[in-house]
Protein chains: 2
Amino acid sequence: MSVCESCGIRVNNQVYNCAFQVAIDVLDGKWKGLILWYLQFGTKRNSELRRLIPSITQKMLTQKLRELEDEGIVYRTVYPVVPPKVEYSLTEQGEKLIPILKSLYEWGEDYIVERQAEDKAQTA
Amino acid sequence: MSVCESCGIRVNNQVYNCAFQVAIDVLDGKWKGLILWYLQFGTKRNSELRRLIPSITQKMLTQKLRELEDEGIVYRTVYPVVPPKVEYSLTEQGEKLIPILKSLYEWGEDYIVERQAEDKAQTA
DNA sequence: CCGGATCCATAAGGATACTG
DNA sequence: CAGTATCCTTATGGATCCGG
């Protein structure tokens with residue numbers, strides 16, 4: 001572990017300067033982390049994810065699932081039935097992210113408490 | 001720790017649905033995580049951060065540092081001297097993020113190795 | 001059911017010039 | 001040194017309609 005330097009790592013047809021950026025990119029944006037968050041609890045279908053994340057549009061969901069698939073973080077399994085059935089689950093690399101997601105969740109909880117305590121102290 | 005649900009958390013004049021989203025937002029985008037990454041090694045001046053992150057513009061650096069300051073993740077200390085001297089460092093909440101950043105870094109390193117091994121297997 | 005395609009509004013980010 | 005201000009380009013995300 002060292003300081004991020006210009007080492008020009010090439011992954012997923014992208015060039016990064018450090019391993020940290022690579023990880024951030026996988027979680028980046030409004031949706032990808034949230035999708036992974038739900039997949040930690042097991043395989044999910046498209047419609048289930050839409051129910052779990054009501055504010056996401058079908059377009060965004062598909063788009064982000066494709067990105068995660070291309071990045072090797074989620075599996076996409078298509079069952080050749082009518083009507084179509086598609087399932088999403090975490091790959092091995094995806095599973096390895098879960099403990100970190102949980103740490104982020106806990107940090108978030110702590111952060112919320114601290115911030116709200118500060119806000120209260122300010123208005124008092 | 002439970003599934004993210006619609007709980008409407010209000011922090012930093014934003015409404016979130018779960019603690020996980022709050023944490024993601026602090027690291028979100030191309031730059032904020034990287035800035036925090038460098039601040040883990042100690043207090044840094046504006047010009048030092050620009051040297052460490054050559055591809056960032058002054059505008060983006062200022063903007064992201066302000067966001068992190070407003071979010072209570074970094075301190076900004078202004079010394080009333082000529083020429084101006086401004087130092088940035090992590091707050092207590094910021095420090096708590098460092099172990100998670102390191103985990104992300106390590107996951108990124110692992111991920112890069114795995115992906116490059118797969119690419120090699122594909123072309124072979 | 002699980003999407004793809006298209007169009008459009010807004011936000012994010014870069015280039016450049018200027019300032020206490 | 002550490003920023004602001006302005007302009008501009010690009011990326012992101014939403015709405016809507018269509019299809020196997």
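On a predicted model such as this, the values are computed, not experimentally measured, just so you know. We name chains A, B, ... by the order of the sequence lines, and we start the count at 1 in each one.
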Asker: Partners of B:Glu118 by salt bridge (Lys or Arg N to Asp or Glu O under 4.0 Å), sequence neighbours excluded?
Answerer: B:Arg115
Asker: So, using ring pair (Phe, Tyr, Trp, His ring centres under 6.0 Å) as the criterion, who are the partners of B:Tyr111 when residues are at least two apart?
Answerer: B:Trp107
Asker: For A:Val74, enumerate each residue passing the side-chain contact (heavy atoms from CB on, under 4.5 Å) test, keeping only those at least two apart in sequence or located in another chain.
Answerer: A:Leu36, A:Leu39, A:Leu68, A:Glu69, A:Leu90
Asker: For A:Lys30, which residues count as a side chain to side chain donor-acceptor pair (under 3.5 Å) partner, sequence neighbours excluded?
Answerer: none
Asker: Nucleotides 11-14 of chain C: which of its N/O atoms have a protein N/O under 3.5 Å away?
Answerer:
unit_1: C:dG13; atom_1: OP2; unit_2: B:Lys64; atom_2: NZ; d: 3.2
unit_1: C:dG14; atom_1: OP1; unit_2: B:Lys30; atom_2: NZ; d: 3.0
unit_1: C:dG14; atom_1: N7; unit_2: B:Lys59; atom_2: NZ; d: 3.3
unit_1: C:dG14; atom_1: O6; unit_2: B:Lys59; atom_2: NZ; d: 2.2

Asker: Nearest whole Å is fine: how far is D:dT4 P from B:Leu65 CG?
Answerer: 11 Å
Asker: What pairs of residues pass the side chain to side chain donor-acceptor pair (under 3.5 Å) test when at least one of them lies in residues 47-57 of chain A, not counting sequence neighbours?
Answerer: A:Arg50-A:Gln58
Asker: Is there a donor-acceptor pair under 3.5 Å between the side chain of A:Glu106 and the backbone N or O of A:Ser103?
Answerer: no
Asker: Among all residues two or more places apart in sequence or in another chain, which pass the salt bridge (Lys or Arg N to Asp or Glu O under 4.0 Å) test with B:Lys32?
Answerer: B:Glu67, B:Glu71
Asker: Write down the distance between CG (A:Leu61) and P (C:dG4), rounded to a whole number of angstrom.
Answerer: 11 Å
Asker: Does C:dG3 have its OP1 or OP2 closer than 4.0 Å to a side-chain nitrogen or oxygen of A:Tyr88?
Answerer: yes
Asker: Under 4.0 Å, counting only non-hydrogen atoms across every strand here, what does A:Arg50 touch: a base, just sugar-phosphate, or nothing?
Answerer: nothing
Asker: Using the side chain to side chain donor-acceptor pair (under 3.5 Å) criterion, which residues pair with A:Arg10? Sequence neighbours excluded.
Answerer: none
Asker: Any sub-3.5 Å donor-acceptor pair from A:Thr91's side-chain atoms to A:Gly72's backbone N or O?
Answerer: yes
Asker: Rounded off to whole Å, could you give me the CD-to-P distance for the B:Gln58 and D:dC1 pair?
Answerer: 11 Å
Asker: With sequence neighbours left out, write down each residue that passes salt bridge (Lys or Arg N to Asp or Glu O under 4.0 Å) with A:Asp70, or none if nothing qualifies.
Answerer: none
Asker: My understanding is that only residues two or more places apart in sequence, or in another chain, count here; which of them pass side chain to side chain donor-acceptor pair (under 3.5 Å) with B:Arg76?
Answerer: B:Tyr88
Asker: How many whole angstroms separate atom CD1 of A:Ile35 from atom C1' of D:dG13?
Answerer: 13 Å
Asker: Heavy atoms within less than 4.0 Å of DNA chain D: which residues of residues 42-49 of chain B have one? Give them sorted by number.
Answerer: B:Arg45, B:Asn46, B:Ser47
Asker: Within residues 67-87 of chain B, which residues have any heavy atom lying less than 4.0 Å from an atom of DNA chain C?
Answerer: B:Pro84
